[in-house]
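Here the structure is laid out as structure tokens; the discussion comes afterwards.
All values below come from the heavy atoms of this structure, side chains included, with hydrogens, waters and symmetry mates left out.
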Amino acid sequence: MAAPAFWQDREAADVKIREHGELSELVKQYAELQDGLATLEQQYDENKFHELKKQFREFELSQLFTGPYDAQAAVLTVYPGVGGEDAEDWARMLGVMYENYAKRRGWKLRVVDDNPRSRAVEIQGAHAYGYLKKESGVHRLVRISPFDAKKARHTSFALVEVIPDLPPLEESKLEIPEKDLKFEFSRAGGPGGQNVNKVETAVRVIHLPTGLAVGSRTQRSQQQNREYALKLLKAKLFQLMEKEKVDEVSKLRAKVKPEWGNQIRSYVLNPYQMVKDHRTEAETARVDEVLMGDLDIFIEAELENLSSRA
């Protein structure tokens, strides 16, 4: 890295630096496992055994992250489906579930956008996008509605969307014509309408050819929110380009609709208790623990499912 020639191709240099960092982390994890095993051989400790077992599982899972953005931070957004208060409450419950999952892993959280129709959170942590990317899809809840005076059973839906925090080099590759963008501005405020800004700092940007839209309202200034919203929009467009197998954003002309038919998981609270993933068949009756953020059984099953299909 010290050689001047190393920096002649900045893009290639950044890729090598990232790969070097990932390899260094891999070696560090392996060394820690070896040290832990050596300690157990000298003196067995049950707590240390379970801790080491968990570390080994994390190391094993880390080898399944082969996607180009798996190591990146993630931005997770939850949208309520039709159904009024029930759907909005279900979306809120899902948001809490994912935020608790992130906290359990020691990841950092930052609210990006929060409004009655969606809540977006940036999640920073080792392979955050790799862990969360397959949570995208429709989540179904069956329960006795707390909003129904007759105590009837209701089915609610919410859509989860997960996009990666693109590296600067990837982001710079995508240029969007200004004519294809529409910006909307509003006042950003805290919960319950408190601390409402007197200036319109919140920004929502719409990609007119596809209809894709994102918002940012938690940055300090309108310009910062504008830049961050554009960053999120580019990540959405990258995902769509990969899905549609096109190499230029100008080729994305069809209007994009949320994929409400892609139901990935059901959470049943009544007449019995069960959470079941419809892709991997992973299931558990520990509904309360799942809703409090214990998602390992589902996320690990999907990671292994992806690996078996590779």
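- In terms of heavy-atom proximity, Ala301 sits nearest to Ala282 at CB-CB, 4.1 Å.
- Between Leu109 and Glu99 the shortest heavy-atom distance is CD1-O, 3.7 Å.
- Looking only at distances, a side-chain donor or acceptor of Lys234 sits under 3.5 Å from a matching main-chain atom of Leu174.
- In this structure, the side chains of Met274 and Ser266 stay at 4.5 Å or more apart for every pair of heavy atoms.
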**Message:** Applying side chain to side chain contact (heavy atoms under 4.5 Å, CB included) to Leu64 and Glu304, what does each step give before you reach the verdict?
**Reply:** CA-CA 7 Å; Leu64 302 179; Glu304 291 171 346; 4.2 Å; yes
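- With sequence neighbours left out, the salt bridge (charged side-chain N to carboxylate O under 4.0 Å, His left out) criterion links Asp277 to Arg265, Arg279.
- Not counting sequence neighbours, the partners of Lys182 by the salt bridge (charged side-chain N to carboxylate O under 4.0 Å, His left out) test are Glu184.
- For Tyr131, the ring pair (Phe, Tyr, Trp, His ring centres under 6.0 Å) criterion is met by Phe65, Trp107, not counting sequence neighbours.
- What you find for Gln239 and Pro164 is that their closest heavy atoms are NE2-CD, 3.8 Å.
- Under the 4.5 Å side-chain criterion, counting only non-hydrogen atoms from C-beta, Lys236 is in contact with Glu161.
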**Prompt:** So Asp148 and Arg153, salt bridge (charged side-chain N to carboxylate O under 4.0 Å, His left out) or not? Walk me through it.
**Reply:** CA-CA 9 Å; Asp148 189 332; Arg153 190 162 60 240; over 6 Å; no
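- Sorted pairs that involve residues 271-295 and meet ring pair (Phe, Tyr, Trp, His ring centres under 6.0 Å), not counting sequence neighbours, are lacking altogether.
- The closest side-chain heavy-atom distance from Glu289 to Thr284 is not below 4.5 Å.
- Counting only distance, with no hydrogens or angles, the side chain of Lys151 and the backbone of Ile144 share no donor-acceptor pair below 3.5 Å.
- Put simply, the residue from Ile264, Leu132, Leu94, Val138 that forms a side-chain contact (heavy atoms from CB on, under 4.5 Å) with Val160 is Leu94.
- At a threshold of 4.5 Å between non-hydrogen side-chain atoms, the residues Asp86 and Arg143 count as touching.
- When Glu170, Glu171, Glu175 are each tested for a side-chain hydrogen bond (donor to acceptor under 3.5 Å, both in side chains) with Lys173, only one passes: Glu170.
- Considering only heavy atoms from C-beta on, Leu233 comes within 4.5 Å of Ile176 through its side chain.
- Between the side chain of Ser136 and the backbone N or O of Val162, at least one donor-acceptor pair lies under 3.5 Å.
- Contact between Val111 and Arg119 at its shortest, heavy atoms only, is CG2-NH2, 3.3 Å.
- Taking the side chain as every heavy atom from C-beta outward, Val214 and Val205 approach each other to under 4.5 Å.
- With sequence neighbours excluded, no residue satisfies salt bridge (charged side-chain N to carboxylate O under 4.0 Å, His left out) with Asp296.
- In this structure a side-chain-to-backbone donor-acceptor pair under 3.5 Å is missing from Asp89 to Glu85.
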**Prompt:** Step by step, would you call Lys133 with Asp70 a salt bridge (charged side-chain N to carboxylate O under 4.0 Å, His left out)?
**Reply:** CA-CA 8 Å; Lys133 64 182 180 182; Asp70 283 355; 2.9 Å; yes
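- Residue pairs meeting the ring pair (Phe, Tyr, Trp, His ring centres under 6.0 Å) criterion with at least one partner in residues 135-156, sequence neighbours excluded, are His139-Tyr267.
- For the pair Gln72 and Leu166, the minimum side-chain heavy-atom distance is 4.5 Å or more.
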